[in-house]
Amino acid sequence: VAFFGPQLTIAANAVVDGSAIIQSMAASNVNDGTFNTPFAFTGGTQTLSGSGSMRELIVNNTNGITLTSNHTVNQTLNFNNGKIFTGSNTLILGPNALTSNAGANKYVEGRMQRQYSVGTGSNKTYEIGDASGYRPVNILVLNITTAGSITMQTDAGDHPDVGPSS
């Protein structure tokens, strides 16, 4: 299913169910509801706003997509082509969310949060980078007694406390 209008809006408390991939070419995409079907960004300059959540987010846009608010992906984040630019916002991945196909020019440029459930042995990759490239971070948490989250981002350049070598 493809949407070509100027803005796609999912209202608060709305639930979109199904198995077909919703492909949006809309410049502005607002999700204040729950998207329980795969959602793909497929062209042009695109933004994602709202406080909703998605089961599966597919990035297939060489221009990438820009978050204008925090957004949650609960199951799958698939990078076919393009980046997610978060600015001061955060892309949040639920505790069972998986990522696929990340790499050069296919990652989160900005803040990414991964949620953790109570349990043992959780190994997660943060598919992040900055304007200069893809810089993934792997975290292995051995024993989680309280559910929580960890947020990561990369920043260009050296930390100001790093002194010159001699």
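None of these values were measured; they are calculated from a predicted model. Computed from heavy atoms alone, side chains included, the values below leave out hydrogens, waters and symmetry copies.
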**Prompt:** Considering only heavy atoms from C-beta outward, does the side chain of Arg114 approach that of Ser149 to under 4.5 Å?
**Reply:** no
(message) When you compare the side chain of Leu57 with that of Thr76, does any pair of heavy atoms fall below 4.5 Å?
(response) no
| message | Less than 4.5 Å apart, side chain to side chain, heavy atoms only: is that true for Arg135 and Thr154? | response | yes
Value for CG (Leu67) from OG (Ser49), rounded to nearest 0.5 Å, stands at 9.5 Å
The side chain to side chain donor-acceptor pair (under 3.5 Å) partners of Thr151 (sequence neighbours excluded) come to Gln113
field: Test item: side-chain donor near acceptor, Asn61 and Thr42, under 3.5 Å
entry: no
Residues at least two apart in sequence or cross-chain that pass side chain to side chain contact (heavy atoms under 4.5 Å, CB included) with Leu142, listed by chain then number, are Leu140
Heavy-atom check, side chain of Thr146 versus side chain of Val118, under 4.5 Å: no
_Side-chain touch Ile22/Ser24, heavy atoms, less than 4.5 angstrom_ = no
Between the CG atom in Asp130 and the NZ atom in Lys83, the distance rounded to the nearest 0.5 Å is 8.0 Å
Review point. With a 4.5 Å limit on heavy-atom distance, are the side chains of Val30 and Leu8 in contact?
Key: no
dist Phe79:CZ -> Tyr134:OH (nearest 0.5 Å) comes out at 8.0 Å
d(Ile10 CD1, Phe35 CZ) to nearest 0.5 Å is 4.5 Å
Separation between OG1 (Thr66) and CG (Asn29), nearest 0.5 Å, reads 11.0 Å
message: Is there a path of hydrophobic side-chain contacts, each under 4.5 Å between heavy atoms, that joins Val137 and Val108?
response: yes
Name each donor-acceptor pair under 3.5 Å that joins a side chain in residues 92-104 to protein atoms two or more places apart or in another chain, with its distance.
residue : atom : partner : partner atom : Å
Thr99   : OG1  : Glu127  : OE2          : 3.0
Ser100  : OG   : Asn78   : OD1          : 3.4
Asn101  : ND2  : Asn78   : OD1          : 2.8

- Query: Any donor-acceptor pair under 3.5 Å linking the side chain of Ser117 with the backbone of Ala147?
  - Reply: no
Those residues at least two apart in sequence (or on a different chain) that pass side chain to side chain donor-acceptor pair (under 3.5 Å) with Glu56 are none
Here the gap from Ile139 atom CD1 to Lys124 atom NZ, rounded to the nearest 0.5 Å, amounts to 10.5 Å
Start with the C-alpha distance between His71 and Asn31, add both sets of side-chain angles, then the distance that settles side-chain contact (heavy atoms from CB on, under 4.5 Å), and finish with yes or no. CA-CA 9 Å; His71 218 77; Asn31 180 20; 3.3 Å; yes
For residues 85-94, the side-chain hydrogen bond (donor to acceptor under 3.5 Å, both in side chains) pairs (sequence neighbours left out) are Thr90-Arg111
- Task: Starting from the C-alpha separation in whole Å, work towards a yes-or-no answer on side chain to side chain donor-acceptor pair (under 3.5 Å) for Thr125 and Asn138.
- Result: CA-CA 4 Å; Thr125 300; Asn138 290 322; 2.4 Å; yes
Query raised in the report: Are Asn80 and Val59 side-chain neighbours, meaning at least one heavy-atom pair lies under 4.5 Å?
Result: no
Of Thr34, Thr37, Asn36, the one forming a side-chain hydrogen bond (donor to acceptor under 3.5 Å, both in side chains) with Asp17 is Asn36
With a 4.5 Å cut-off on side-chain heavy-atom distances among I, L, V, M, F, W and Y, is there a chain of contacts connecting Met112 to Phe39? yes
For Ser51, the side chain to side chain donor-acceptor pair (under 3.5 Å) test, sequence neighbours excluded, returns Asp32
Between Phe41 and Leu48, is there a side-chain heavy-atom distance shorter than 4.5 Å?
yes
Arg55 and Gly18 have their tightest heavy-atom pair at NH1-O, 3.9 Å
